[in-house]
Amino acid sequence: MTIAVTGSIATDHLMRFPGRFAEQLIADQLQHISLSFLVDDLVVRRGGVGGNIAFAMGVLGGSPLLVGAVGVDFVEYRGWLEKHGVDCTGVRVSETAHTARFVCTTDEDMAQIASFYPGAMSEARDISLADLPAGVEMVLVGANDPAAMARHTEQCRELGLPFAADPSQQLARLSGAEARALIGGAKYLFTNEYEWALLLQKTELTEREIADQIGLRVTTLGSKGVEIVDREGNVVRVGVVPEKAKVDPTGVGDAFRAGFLTGQSAGLDIERSAQLGSLVAVLVLETVGTQEWTLDRDDAVKRLAEAYGTEAADEIGALLK
């Protein structure tokens with residue numbers, strides 16, 4: 001199954017602060033906040049929601065089609081993605097803007113403060129899903145230019161394409177009406193725990209009202225794993241794959257989504273798909289950079305067996321290269 005991944009394509013500028021942000025914040029002075037953090041290092045990596053998810057799908061042996069807007073500086077990044085199995089024919093190259101930039105600082109608690117410069121991403125709204133090549137069977141609508149997210153969601157409905165709604169980081173910017181427009185009819189709704197609470201608050205919808213509009217709600221819970229709820233209220237909970245080290249949480253959510261959707265497209269059930277997603281998530285957590293991780297099949301099967309049992313490891317392992 002070819003999955004079209006729409007979302008931001010960016011370079012990530014990742015820094016580490018050797019302290020705790022929480023200790024630098026004064027509750028009654030937040031309206032006057034003016035802080036600068038002296039960081040230990042700077043690493044520049046390939047990233048963006050769309051780039052991260054498509055890369056992970058490609059590594060897992062899926063058939064991702066990346067859909068987004070970039071600048072003329074995308075040449076090296078394109079080669080990297082294509083090398084890892086990503087079809088970049090759906091990428092629009094801007095004649096005037098640079099590829100987007102994500103700048104993020106992580107502290108000792110794994111808390112993060114980040115900024116995002118959209119650059120060429122703003123032209124993603126000019127991409128029509130009707131122009132995609134034949135064979136696309138699913139679309140993930142990830143964090144992107146808000147107008148692009150709205151257009152691509154509506155086009156999925158018009159074209160009868162199943163889609164996964166993944167507003168993630170853009171929820172903070174969207175109005176309640178804009179957020180509501182992104183979820184109706186989604187086969188999957190992805191959020192983390194905080195984003196789920198924010199979505200409920202912004203849309204002023206109840207959990208039941210949202211459930212009636214979607215197929216599955218997939219809510220990642222950090223160290224507590226993931227909760228998956230269907231329209232009838234049936235719940236599946238899957239724990240994490242224990243990490244060897246907590247290096248950098250950037251892109252962990254993207255990794256889970258890639259693994260989950262790859263599992264679903266390959267015919268795994270919900271639980272197994274979530275377990276695959278959790279494996280990919282921990283591989284990213286243990287690596288600096290959202291696309292610097294590698295997949296060792298034997299080690300992956302071993303870790304799956306330790307976390308979920310040999311039956312799960314055998315079923316998921318059959319899909320891995």
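- A salt bridge between D298 and K302 is absent, with no side-chain N of the basic residue lying under 4.0 Å from a carboxylate O of the acidic one.
- Hydrophobic clustering keeps L198 apart from L221 (ILVMFWY residues linked when any side-chain heavy atoms are closer than 4.5 Å, directly or through intermediates).
- A donor-acceptor contact shorter than 3.5 Å is absent between the side chain of E271 and the backbone of V238.
- Counting heavy atoms from C-beta outward, N52 and T250 have side chains that stay 4.5 Å or more apart.
- Counted by atom type alone, S273 and Q264 present one or more donor-acceptor pairs between their side chains at under 3.5 Å.
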Just do the salt bridge (Lys or Arg N to Asp or Glu O under 4.0 Å) check on R180 and E204 with the steps written out, would you? CA-CA 9 Å; R180 285 193 297 272; E204 299 181 331; 5.0 Å; no
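- Enclosure of atom CZ in R231 by more than 12 non-hydrogen atoms of other residues, nucleotides or ligands within 6.0 angstrom is indicated.
- Of all heavy-atom pairs spanning R45 and L14, the tightest one is CG-CD1, 4.3 Å.
- Counting heavy atoms of neighbouring residues, nucleotides and ligands inside a 6.0 Å radius, atom CD of Q29 exceeds 12 of them.
- Taking both residues in full, the closest heavy atoms of Y308 and S278 are given as OH-CB, 3.3 Å, listed atom of the first, atom of the second, then distance.
- Residue-environment remark: CZ (R157) exceeds the threshold of 12 foreign heavy atoms within 6.0 Å.
- The aromatic rings of F55 and W80 sit parallel to each other, their planes meeting at less than 30°, with 60° as the upper class boundary.
- When only modelled atom types and interatomic distance are considered, R272 and Q275 share a side-chain donor-acceptor pair under 3.5 Å.
- By the neighbour-count criterion of 12 heavy atoms within 6.0 Å, atom CD of E82 is densely surrounded, having more than that number from other residues, nucleotides or ligands.
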Please walk me through it: do D40 and R16 pass salt bridge (Lys or Arg N to Asp or Glu O under 4.0 Å)? CA-CA 6 Å; D40 277 350; R16 181 170 296 279; over 6 Å; no
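- A continuous path of ILVMFWY side-chain contacts below 4.5 Å connects L279 to I270, so both sit in one hydrophobic cluster.
- Taking the six-membered ring for Trp and thresholds of 30 and 60 degrees, F260 and F256 have nearly parallel ring planes, at less than 30 degrees apart.
- Enclosure of atom CG in L30 by more than 12 non-hydrogen atoms of other residues, nucleotides or ligands within 6.0 angstrom is indicated.
- At most 12 non-hydrogen atoms from other residues, nucleotides or ligands lie less than 6.0 angstrom from OH of Y194.
- Within a 6.0 Å sphere centred on CG of L38, heavy atoms belonging to other residues, nucleotides or ligands number 12 at most.
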